[in-house]
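Heavy atoms only: backbone and side chains are in, while hydrogens, waters and symmetry mates are out.
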Amino acid sequence: MKSAKSYIEQNKDRFLDELIELLKIPSISADPAYKNDVLKTAEAVKVQLEKAGCDSVEICETPGYPIVYGEKIIDKNLPTVLVYGHYDVQPPDPLELWTSPPFEPVIKETELHPEGAIFARGSCDDKGQMYMHVKALEYMTETNQLPCNVKFMIEGEEEVGSESLGWFISRNREKLANDVILISDTGMISKDTPSITTGLRGLSYVEVEVTGPNRDLHSGLYGGAVANPINILAKMIASLHDENNHITIPGFYDDVEELSKDEREKMAEAPFDLKDYEKALDIDSVYGEKGYSTNERNSIRPTLDVNGIWGGYIGEGAKTVIASQAFAKISMRLVPDQNWEKITELFKNHFESIAPKGVRVKVKPHHGGTAYVTPIDSLGYRAAEKAYEETFGKTPIPQRSGGSIPIVALFEKELKSKTILMGFGLDSDAIHSPNEHFGVWNYLKGIETIPQFYHYFTEMSK
């Protein structure tokens, strides 16, 4: 292939400027106040796909936010790659912890990124990684090196559970027909150690509500005489783990996939420095389920975490009340063979059963998804492996991720296609957190590597 490096170097500033403009739009799908910004982002993605060389691009309406679909079909006898990404982003809160405004992108040097990193909400998850594919297509079309057909499906609801995606796929299977699906919404071990994500955890996300008295009460007049929903909620949540950090919900582990000793030893070969891990997070020790390493806890074991908890008075000064209600949002990351709907039901039944008299408990399921594992002997994986070898000069390590992309299992079920996860972010990129960033080097390396995947996948498909 003609050098992608030289094309990227010639267009580097423009590639960065275009991404920065996209990152300025606060496409927060979780907050209806940003609806116009989400729709504006869809339009911006459409324009950039057209400029990159797609022959047709359309904004497809759904019951929720639209999906941007584009395609470049050069020969129906050639393989077709479907690229998936999302243009919506997480809420940026808490704003006071950002070192620069989340929707005013800034390139700053860091210890890991001496060449600079783009600080902005969505820079890594997923606008920056999605946009690598747009620029990779531009390179291949501008240099007349596109070896296969390419389709794009970029959605606007990934951060709220991709509620409309299944609806869209079921109505457009022929339009979306492909030989492999390519996603960059994951990470790699380090800039020096490329990796390909081969497994994702599933997800069950719920909200719980504990209600006590019919109004907030004076904590002096009523304290000790009625159940305090906040106290009760804290006790109930605490009871969900035992002294070994094992989840106590009956039946929770019934379907958990247990990896063999050989598989666990293979995982342990991935470079990992516990002290560096602790230093990066500013903690003095790791914490988790007994009997498993840190990398096993965050990838091959299921978890239960409180993502938010609130109730009562949290303003300035004091207000001595017993709150009428207390709330929490809880996510459970699941592993292969666990069914998220079953787990949600198990959680609901258990949480309601442990509520003491004096309070009422309500569990509201939000969304979920199935875990996914892709075989490393598949054509798509081998093509990705060759692509990384070409641009990094070393063989990537297969790695299971702790994150969830629920739609990957949906793709296999509905489109009968394997998904290849070529992520270029790093664990330190602070996705979903204040000061999210994406290394300039990583962004450009993705643009350089993706065309190689197309080349090898097409070559191996002959």
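- Between the side chains of Tyr456 and Glu390, at least one donor-acceptor pair of N or O atoms lies under 3.5 Å.
- Counting only heavy atoms from C-beta outward, the side chains of Val440 and Leu16 approach each other to under 4.5 Å.
- Of all heavy-atom pairs between Ala328 and Val306, the closest is CB-CG1, 4.4 Å.
- Summarising the geometry of Ile20 relative to Ile118, their closest heavy-atom pair is CG1-CG2, 4.5 Å, with the distance given to 0.1 Å.
- Between the Asn178 side chain and the Leu176 main chain, a donor and an acceptor come within less than 3.5 Å of each other.
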Intermediate values then yes/no, side chain to side chain donor-acceptor pair (under 3.5 Å), Lys72 and Ser56 | CA-CA 7 Å; Lys72 178 73 173 179; Ser56 66; over 6 Å; no
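- For the pair Glu385 and Phe453, the minimum side-chain heavy-atom distance is 4.5 Å or more.
- A side chain to side chain contact (heavy atoms under 4.5 Å, CB included) with Val89 is found for exactly one of His432, Glu436, Arg121, namely Arg121.
- To the nearest 0.5 Å, the span separating CD1 on Ile343 from CD on Glu341 amounts to 11.5 Å.
- Under a cutoff of 6.0 Å and an axis angle of 45°, Arg297 and Tyr292 do not form a cation-pi pair.
- Remark: Phe457 CZ to Lys462 NZ distance equals 13.0 Å, nearest 0.5 Å.
- With rounding to the nearest 0.5 angstrom, the CG atom of Leu49 is 6.5 Å from the CD1 atom of Ile154.
- Within a 6.0 Å sphere centred on NZ of Lys35, other residues, nucleotides and ligands contribute 12 heavy atoms or fewer.
- Between the side chain of Asn172 and the backbone N or O of Phe168, at least one donor-acceptor pair lies under 3.5 Å.
- Across every non-hydrogen atom of Leu39 and Pro66, the tightest pair is CD2-CD, 3.5 Å.
- Panel note: side chain Thr344, backbone Ser204; no donor-acceptor pair is recorded below 3.5 Å.
- Around CG of Asp427, the count of heavy atoms belonging to other residues, nucleotides or ligands within 6.0 Å does not exceed 12.
- Taking NZ of Lys362 as the start and CZ of Phe351 as the end, the distance is 14.0 Å to the nearest 0.5 Å.
- Nearest heavy atoms, Val208 versus Leu233: CG2-CD1, 3.9 Å.
- In this structure, Lys24 does not pair ionically with Glu104, as no charged nitrogen and carboxylate oxygen lie closer than 4.0 Å.
- Using a cutoff of 4.0 Å between basic side-chain nitrogens and carboxylate oxygens, Glu18 and Arg14 are scored as salt-bridged.
- In terms of heavy atoms, Gln452 sits closest to Ala387 at CB-CB, 3.7 Å.
- Of the charged side-chain nitrogens involved, at least one lies within less than 4.0 Å of a carboxylate oxygen, so that Lys46 and Glu50 count as a salt-bridged pair.
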What do the steps show when you test Tyr139 against Gln145 for side chain to side chain donor-acceptor pair (under 3.5 Å), and what is the final call?
-> CA-CA 8 Å; Tyr139 157 68; Gln145 293 186 85; 3.0 Å; yes
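- Within 6.0 Å of CG in Asp273 there are more than 12 heavy atoms belonging to other residues, nucleotides or ligands.
- In terms of modelled atom types and a separation under 3.5 Å, the side chain of Ser123 and the main chain of Phe119 share no donor-acceptor contact.
- In this structure, Cys148 and Val81 have side chains that are in contact, with non-hydrogen atoms separated by less than 4.5 Å.
- Within the 4.5 Å cutoff, the side chain of Ile309 has no heavy atoms near those of the Phe327 side chain.
- Listed here is the closest heavy atom pair of Pro398 and Thr198: CB-CG2, 3.7 Å.
- Here the NZ-CD1 distance, from Lys5 to Ile447, works out to 14.0 Å after rounding to the nearest 0.5 Å.
- Side chain to side chain, His367 and Glu163 fail the donor-acceptor criterion of an N or O pair below 3.5 Å.
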Stepwise salt bridge (charged side-chain N to carboxylate O under 4.0 Å, His left out) test for Glu448 and Lys135 | CA-CA 9 Å; Glu448 179 188 352; Lys135 295 296 95 180; over 6 Å; no
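- Here the side chains of Lys51 and Val47 are in contact, with some heavy-atom distance below 4.5 Å.
- Salt bridge Lys275/Glu278: present, at least one basic N to carboxylate O contact under 4.0 Å.
- Under 3.5 Å, the side chains of Ser184 and His133 contain a donor-acceptor pair of N or O atoms.
- Between Phe438 and His113, the ring centre distance reaches or exceeds 6.0 Å.
- Of the N and O atoms on the side chains of Thr193 and Lys394, not one donor lies less than 3.5 Å from an acceptor on the other residue.
- Other residues, nucleotides and ligands contribute only 12 or fewer heavy atoms inside 6.0 Å of the CD atom of Glu111.
- Surrounding CD of Glu96 are more than 12 heavy atoms belonging to other residues, nucleotides or ligands, all under 6.0 Å away.
- Gln129 places a side-chain N or O within 3.5 Å of a backbone atom of Thr186 that can act as its donor or acceptor partner.
- Residue pairs meeting the salt bridge (charged side-chain N to carboxylate O under 4.0 Å, His left out) criterion with at least one partner in residues 77-94, sequence neighbours excluded, are absent.
- By the 6.0 Å contact criterion, NZ on Lys329 is enclosed, its count of non-hydrogen atoms from other residues, nucleotides or ligands being greater than 12.
- The pair Lys127-Glu158 fails the salt-bridge criterion, with no side-chain N (NZ, NE, NH1 or NH2) lying under 4.0 Å from an Asp/Glu carboxylate O.
- Between the Asp337 side chain and the Glu257 main chain, no donor and acceptor come within less than 3.5 Å of each other.
- When atom types are taken as modelled, the side chain of Glu157 and the backbone of Tyr65 share a donor-acceptor pair closer than 3.5 angstrom.
- In terms of modelled atom types and a separation under 3.5 Å, the side chain of Arg201 and the main chain of Val335 share no donor-acceptor contact.
- Using a cut-off of 4.0 Å between Lys/Arg side-chain N and Asp/Glu carboxylate O, Asp255 and Lys342 are scored as salt-bridged.
- In this structure, the side chain of Asn307 engages the main chain of Ser331 through a donor-acceptor pair within 3.5 Å.
- By the 4.0 Å N-to-carboxylate-O rule, Glu115 lies close enough to Lys191 to be salt-bridged with it.
- Ring-centre distance between Phe424 and Tyr443: not below the 6.0 Å cut-off.
- In summary, Glu296 and Arg264 engage in a salt bridge, as defined by a charged side-chain N under 4.0 Å from a carboxylate O.
- No side-chain donor-acceptor contact under 3.5 Å links Thr449 to the backbone of Gly446.
- Looking at Lys40 and Glu43, no side-chain N of the basic residue comes within less than 4.0 Å of a carboxylate O on the acidic one, giving no salt bridge.
- The side-chain hydrogen bond (donor to acceptor under 3.5 Å, both in side chains) with Glu155 is formed by just one residue from the set Tyr84, Tyr69, Tyr87; it is Tyr84.
- Heavy-atom neighbours of Ile314 CD1 from other residues, nucleotides or ligands within 6.0 Å: at or below the threshold of 12.
- By the 4.5 Å heavy-atom criterion applied to side chains, Phe15 and Tyr7 are counted as neighbours.
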